[in-house]
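So the structure is just underneath, and the comments pick up after that.
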Amino acid sequence: QVQLRESGGGAVQPGGSRRLSCEASGSSFGSYAMSWYRQAPGKERELVGTITTSGTSINYLDSVKGRFTISRDNAKKMVYLQMNSLKPEDTAVYSCNARGMAGNFWGQGTQVSVSS
């Protein structure tokens, strides 16, 4: 069982940067693959990227490759999403997800708004 809480969202100008954090509580955090998802108004939720338990294998949505970076710190039970060169189309609610043998767990989400 794990509980997740995202933070770091807010308003940012195009071309700017933002770092989202996902803080986990509970046991066996290091056994979960961690993902970031996002959902824009009126659109389906999409997978932004996933980081494995070791943090050595990472995959990203094509539209964010080269701009977004996922990292994790198992000792701190934290997962991060570093977002650079932000575009208006990145505007969405970003959610953290943990996946393991116990199932899937979600945070409440944090809003990121990119506009001039």
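The chain is numbered in sequence order, starting from 1.
Distance check: Ile51 CD1 to Arg72 CZ gives 6.0 Å after rounding to the nearest 0.5 Å. Expressed to the nearest 0.5 Å, how far CG of Leu81 lies from CD of Glu6 amounts to 11.0 Å. Taken to the nearest 0.5 Å, the OH atom of Tyr80 stands 14.0 Å off from the OG1 atom of Thr69. Between the CG atom of Leu47 and the CZ atom of Arg45 there is a distance of 10.0 Å, given to the nearest 0.5 Å. Atom SG of Cys96 is separated from atom CH2 of Trp36 by 5.0 Å, given to the nearest 0.5 angstrom. Taken to the nearest 0.5 Å, the CZ atom of Arg67 stands 12.0 Å off from the CD atom of Gln82.
Under the side-chain contact (heavy atoms from CB on, under 4.5 Å) criterion, Arg99 pairs with Ala33, Ser35, Asn97, Asn104, not counting sequence neighbours. Among residues two or more places apart in sequence or in another chain, the side chain to side chain donor-acceptor pair (under 3.5 Å) test is passed with Glu23 by none. Among residues two or more places apart in sequence or in another chain, the ring pair (Phe, Tyr, Trp, His ring centres under 6.0 Å) test is passed with Phe29 by none. With sequence neighbours excluded, the residues satisfying side-chain contact (heavy atoms from CB on, under 4.5 Å) with Val2 are Leu4, Ala24, Tyr32, Ala98, Phe105. Ser63 meets the side-chain contact (heavy atoms from CB on, under 4.5 Å) test with Arg38, Leu61; sequence neighbours excluded.
Put simply, Val93 and Val112 are part of two different groups of oily side chains (I, L, V, M, F, W, Y) that touch within less than 4.5 Å, one to the next. The cluster map of Ile, Leu, Val, Met, Phe, Trp and Tyr, joined by side-chain heavy atoms under 4.5 Å apart, puts Val114 and Tyr94 in the same cluster.
A 4.5 Å side-chain heavy-atom check between Glu46 and Gln39 finds every atom pair outside the cut-off. Within the 4.5 Å cutoff, no side-chain heavy atoms of Thr53 are placed close to those of Met34. With a 4.5 Å cut-off on side-chain heavy atoms, Ser25 and Gln3 count as touching. Using a 4.5 Å cut-off on side-chain heavy atoms (C-beta onward), Thr50 and Ile70 make no contact.
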Return a table of donor-acceptor pairs under 3.5 angstrom between the side chains of residues 15-22 and protein atoms on other chains or two or more places apart.
{"unit_1": "Ser17", "atom_1": "OG", "unit_2": "Asn84", "atom_2": "OD1", "d": "2.9"}
{"unit_1": "Arg18", "atom_1": "NE", "unit_2": "Gly8", "atom_2": "O", "d": "2.8"}
{"unit_1": "Arg18", "atom_1": "NH2", "unit_2": "Gly9", "atom_2": "O", "d": "2.9"}

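Ser95 approaches Gly109 most closely through the heavy-atom pair OG-CA, 3.7 Å.
In this structure a side-chain-to-backbone donor-acceptor pair under 3.5 Å is missing from Asn74 to Lys77. Not one N or O on the side chain of Lys43 forms a donor-acceptor pair closer than 3.5 Å with the backbone of Ala92.
Remark: aromatic rings of Tyr37 and Trp106 are close, center separation under 6.0 Å.
The 12-atom threshold is exceeded at CD of Glu89, counting heavy atoms of other residues, nucleotides or ligands nearer than 6.0 Å.
Remark: Lys65 engages Asp62 in a salt bridge, criterion side-chain N to carboxylate O under 4.0 Å.
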